Amino acid sequence: MDDIEGKITKNDEVAPGYYLLRIKLSRPMDPFVPGQFVMVRIPGKDVFLRRPFSIYDYRQPVLTLMYKVVGKGTEILSKSRKNEKVFVLCPLGKGFNLRRRKHYVVLGGGIGIAGVHALIRRLGARSSVFFGCAAKEELALIKDLGDLPVAASTLDGSYGFRGTVVELLSERLATFRKEEMEVLACGPVVMLKALRRILEKDRIPCQVLLEERMACGLGLCFGCVTKTVDEAEPYKRVCKEGPVFDLWEVCL
Amino acid sequence: MDDIEGKITKNDEVAPGYYLLRIKLSRPMDPFVPGQFVMVRIPGKDVFLRRPFSIYDYRQPVLTLMYKVVGKGTEILSKSRKNEKVFVLCPLGKGFNLRRRKHYVVLGGGIGIAGVHALIRRLGARSSVFFGCAAKEELALIKDLGDLPVAASTLDGSYGFRGTVVELLSERLATFRKEEMEVLACGPVVMLKALRRILEKDRIPCQVLLEERMACGLGLCFGCVTKTVDEAEPYKRVCKEGPVFDLWEVCL
Amino acid sequence: MGSLSVKLFGKTLRNPVMNASGTLGYGREIEPLWGIETLGAYVTKGLSLNPHHGNPTPRVWEEGRGLINSIGLQNVGVDRFFDEHFPLFQQKRTPIIVNFFGFTEEEYIACAERIRPDRLIVALEMNLSCPNVKRGGISFGKDPDLVHGIVKAVKGVTEIPVIAKLTPEVKNLKEIAQAAYEAGVDGFTLLNTIPAMVVDVEKRTIPIRGGLSGPVLKPVALKAVCEISTSFPVPVIGAGGIMNQNDALSFLMAGAKALQVGTATFIDPYAIPKIVKGLGEYLKRCRCSSINAIVGTACG
Amino acid sequence: MGSLSVKLFGKTLRNPVMNASGTLGYGREIEPLWGIETLGAYVTKGLSLNPHHGNPTPRVWEEGRGLINSIGLQNVGVDRFFDEHFPLFQQKRTPIIVNFFGFTEEEYIACAERIRPDRLIVALEMNLSCPNVKRGGISFGKDPDLVHGIVKAVKGVTEIPVIAKLTPEVKNLKEIAQAAYEAGVDGFTLLNTIPAMVVDVEKRTIPIRGGLSGPVLKPVALKAVCEISTSFPVPVIGAGGIMNQNDALSFLMAGAKALQVGTATFIDPYAIPKIVKGLGEYLKRCRCSSINAIVGTACG
Ligand SMILES: Cc1cc2nc3c(=O)[nH]c(=O)nc-3n(C[C@H](O)[C@H](O)[C@H](O)COP(=O)(O)OP(=O)(O)OC[C@H]3O[C@@H](n4cnc5c(N)ncnc54)[C@H](O)[C@@H]3O)c2cc1C
Ligand SMILES: Cc1cc2nc3c(=O)[nH]c(=O)nc-3n(C[C@H](O)[C@H](O)[C@H](O)COP(=O)(O)OP(=O)(O)OC[C@H]3O[C@@H](n4cnc5c(N)ncnc54)[C@H](O)[C@@H]3O)c2cc1C
Ligand SMILES: Cc1cc2nc3c(=O)[nH]c(=O)nc-3n(C[C@H](O)[C@H](O)[C@H](O)COP(=O)(O)O)c2cc1C
Ligand SMILES: Cc1cc2nc3c(=O)[nH]c(=O)nc-3n(C[C@H](O)[C@H](O)[C@H](O)COP(=O)(O)O)c2cc1C
Ligand code: FES
Ligand code: FES
């Protein structure tokens, strides 16, 4: 874990409001587990706190992030130019635990795909990938996965299945062997809640990557907690005990 | 008086630590009196308050300022590039009163020359100009006055008279007709105090351009006062009642 | 089209935007840029019974996105204000709020007595909290009993509504407000500046001690406005770091019936007219019939 | 070569730089980046007799160059701290200051009693001013009598030096400090966060109410440090927006014997080691024999 200086080598809009950011790190990052994240100091002085982003890809010396513009920080980041310097605190948190199953079902909802991209790459043939988004313009988010089969859904039906990615999975669920599978998911809270509903009956194992506002990303401030079923200590830090949690242990 | 948007067309270091800044105004500035100043909003967000600078020159649409890097604001200004936008509140304050005399002796000490440059240009042959600085490198500050005779002094004697500009004036004072002259000066407080000492005996009329930290530049905040001999209301606003004051009415 | 007008102490103001005391001179100084009739009401520079010279320089200092001032309440005195400056407001039919202070209870009372009711005078704003001037070390805003006494005394000598302008006393704010309320105060202005200081590390000196204003105050002032506006049934005027339309809306939604813009004017002398315009556009956009409809909507 | 070591309550710290309570977790979390032995002393997260769960999210919010937090004092309780986390400090021989709080006088006392003297424990730091937690609406730091009572009671049950950590009570600060001093307090930490709030103008909601920290606090904290350090003959520890070496020097020159760095660590996790290094370089540059020589030089 380290705070590494980097230089932006690419910051392109890949779909409306979505960007792919490549940062050339001045030092190698420690080995990472998919699901881990970084804290980026946004160039300029208008953004005070760092912002968390999943490790989308890392091939020394290039760290790739994918982000959606949702507020001030990502807005300013989207205007950063090539060669600008950034500081990246990385790798952080606890990634997906991949020692358990033979078959993984991976779900990415919208920009949530950024949280599972490195995971999908690492799992290769061991996984079935589901991606849901609003409309076909956002399919650009999975362009990098071109060589892998991805089942896609769009809310407006402009591509693939019409509906949410969880509805799509729900249709296919019967085709998987429940005893051998585990679901790994990242996406908006509504998606994770819907996922919970369809997995509840069989209590299929599931790990989810959660997001929370963060100040430090290091477990120092206890600002980024999520509520869990642990009665003695319900609030766990997303940045330290997470961002990946067992779906059945969190209260969404 | 207006807050005019402008674009930097030139920002060059003319002597070590001294810059000439040209701003192309998007609208004409009201007619100005030499000694008046402007409040510049420094590009970027690191400088909160505007900074006051004398009008060095104005030929529609180009406003020229000359400044010395002394702190955070001028440091950042010196790094502003061509085509950056600036807002300029102008023209402000009360300039030199030029209806009184036939012969003016104009003194500029160091960057104080910026405060009397437009004045010298306007007076032309009606004035004798004295300029004092530390060393010959700073003679670049009067390069623009190349066509006019300027008596110069340097503290280190590297050019012209060795000593202060007031010492130089003091040597020449006898050659002027005291009844007809008036001194107009801008420079550091020590210079103005020395000037006061040599003019005191004959109480030669003298106007001085004073500097003070400012917040508004408009007379709104009463932050920029200077102490005067007026017992009822000793503190006068440099930005409103000044920046030009009668030397014999202020308490330096 | 939505209306920006607000009713304050029985008088109708054309909009809820005022300047903050001490940040728009005597009013006339801004006239070369925009007319003071743009304001919902003009708040006077702090006035006192007798003129005050104020503090030596430096009186202003930049600290991050904040301003520290140590003006020391320089003013021409209440009589000269009405002789020399009030006519402009009469001519322009611009309502005014008279901010005033004293160094003794007697001075407060005598100053308030001097101000005769006028249809343009909306209220007297008592500056209970001037951290810059330390005469005898007393600050009226410090002690609930002192506040109660002084507000009651002032209320006793004037028919003009009286506003208490409070300092960010943080934990005691409500207690102080309660004391003023029980003494019959008609409204509150929140907040004044926070005491602050700068160290010059090179010279190892303290170039300035004074009151901190500007954006850094905003989250603190919002908290105070929400707290006081939900606790007392009198209008609250919000102040502290209002720089733009969005900040203005924040204060209104936090419960302020009207606003005061101070430091922003130094950064952008057109901040006030821009905010007035921005609020009008906001009403149009959200199809609100009146600015009053959003007051307190976030802090119920 | 100048020495950074300072003596606090009879113990020698290798430098005057500490973390601020609640901003360096339980200490171990920073170890992947730098060793906690870098600190002059580690200040614990606020501890209480029983564990506390804290507040729901959002708990942190950016506001300009400030941070608003509403952690709500989540902690494992004093016993688990000493069982699970203290051994690290013993192993690394790092002095600690135990920050603690309670919701009743009894809880303060019981918590303080639990902490046995140890050569690594420099002091107990009483958090008298937590604006986030409102049990029964009482805040101990509010009232001089309450402060006097609670400090005296805690002093009665422990031999460890006791520090009172105060909130920016602005005008009452000295009065509160006086009460703590008369009750036998051994030092002060200034300041805690300032109550603040955010309005979401789009949603017309208040996403967070909490304590404001970071650079915006600095000029306010400097003022408090200068005021209290010149009024009482006990050490003052400065906190509030210390981001770099220059800020650290400002606090030392304003009269702080030691420093706490909080929010800065979130922006730059190496802020603390950089400040320690920077102070060392400063001593070299100014040829001072000891950091103590600059304490209070601006505010005499
Ligand atoms: C572990 C982790 C990994 C993440 N990975 C990615 C990623 O790979 N790509 C990506 O685009 N985003 C990711 N996010 C979310 C990203 O951090 C936020 O979108 C970003 O911080 C918003 O900053 P802002 O200044 O633009 O928004 P703000 O102006 O701060 O807020 C705008 C909106 O964004 C939401 N928001 C703010 N902060 C967060 C946050 N930390 N998490 C979730 N929502 C937030 C707010 O609720 C608000 O609605 C991740 C978050 C976490 C915690
Ligand atoms: C009417 C007027 C006209 C001026 N004309 C010019 C000019 O033509 N060219 C020029 O270079 N400078 C001029 N100045 C001075 C200029 O405003 C300051 O040098 C500038 O504001 C410093 O800003 P800073 O952020 O770099 O310095 P800061 O970091 O704010 O301060 C650094 C140093 O500059 C001094 N200083 C700060 N503000 C002022 C101020 N307003 N006046 C004087 N000293 C100050 C401080 O005492 C300090 O020592 C003028 C000032 C006034 C009032
Ligand atoms: C230069 C200056 C002078 C001020 N003078 C007064 C005053 O005379 N009386 C008063 O009650 N408040 C005075 N204030 C406080 C402001 O009225 C206002 O409460 C404070 O600045 C917060 O608002 P702002 O952040 O918008 O500036 C003054 C503030 C400044 C910056
Ligand atoms: C996330 C966070 C948690 C905090 N927790 C505590 C705490 O438990 N006890 C306490 O006394 N102060 C607490 N504080 C206040 C800090 O110790 C410090 O006084 C304040 O943040 C000012 O310093 P800074 O500006 O350097 O952050 C906390 C501050 C933050 C930002
Ligand atoms: S962001 Fe600070 S503990 Fe997680
Ligand atoms: S700078 Fe505000 S009155 Fe002169």
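These numbers come from a predicted model, not from an experiment. Lettering of chains follows the sequences in order, A, B, ..., and the numbering in each one begins at 1.
- Neither the backbone nor the side chain of Asp30(B) has a heavy atom closer than 4.5 Å to any heavy atom of chain C.
- Between the CZ atom of Arg59(C) and the CZ atom of Arg237(B) there is a distance of 10.5 Å, given to the nearest 0.5 Å.
- Looking only at side-chain heavy atoms (C-beta outward), Cys221(B) and Asn69(C) stay at 4.5 Å or farther from each other.
- Within the 4.5 angstrom heavy-atom criterion, atoms from both the backbone and the side chain of Leu49(B) approach chain C.
- With respect to Arg80(C) and Glu233(B), a salt bridge is recorded, a charged nitrogen being found less than 4.0 Å from a carboxylate O.
- In this structure, Phe87(B) and Asp268(C) have side chains that are not in contact, with every pair of non-hydrogen atoms separated by 4.5 Å or more.
- Inter-residue side-chain proximity for Val225(B) and Asn55(C) is flagged as unmet; no heavy-atom pair is nearer than 4.5 Å.
- Within a 6.0 Å sphere centred on NZ of Lys7(B), other residues, nucleotides and ligands contribute 12 heavy atoms or fewer.
- Taking a 6.0 Å sphere around NZ of Lys72(B), one finds it holds more than 12 heavy atoms contributed by other residues, nucleotides or ligands.
- Within a 6.0 Å sphere centred on NZ of Lys24(B), heavy atoms belonging to other residues, nucleotides or ligands number 12 at most.
- For Asn19(C), no part lies under 4.5 angstrom from a heavy atom of chain B.
- Taken from CZ in Arg65(C) to CG in Asp46(B), the straight-line distance is 9.5 Å, to the nearest 0.5 Å.
- Interatomic distance, Leu89(B) CG to Ile267(C) CD1, rounded to the nearest 0.5 Å: 11.5 Å.
- From His53(C), atom NE2 reaches atom OH of Tyr235(B) across 9.0 Å, with rounding to the nearest 0.5 Å.
- Heavy atoms closer than 4.5 Å to chain C are found in both the backbone and the side chain of Arg213(B).
- Residue Gln74(C) touches chain B through its side chain alone, counting heavy-atom pairs closer than 4.5 Å.
- In this structure, chain B has no heavy atom under 4.5 Å from any part of Pro51(C).
- Using a 4.5 Å cut-off between heavy atoms, Met39(B) makes no contact with chain C at all.
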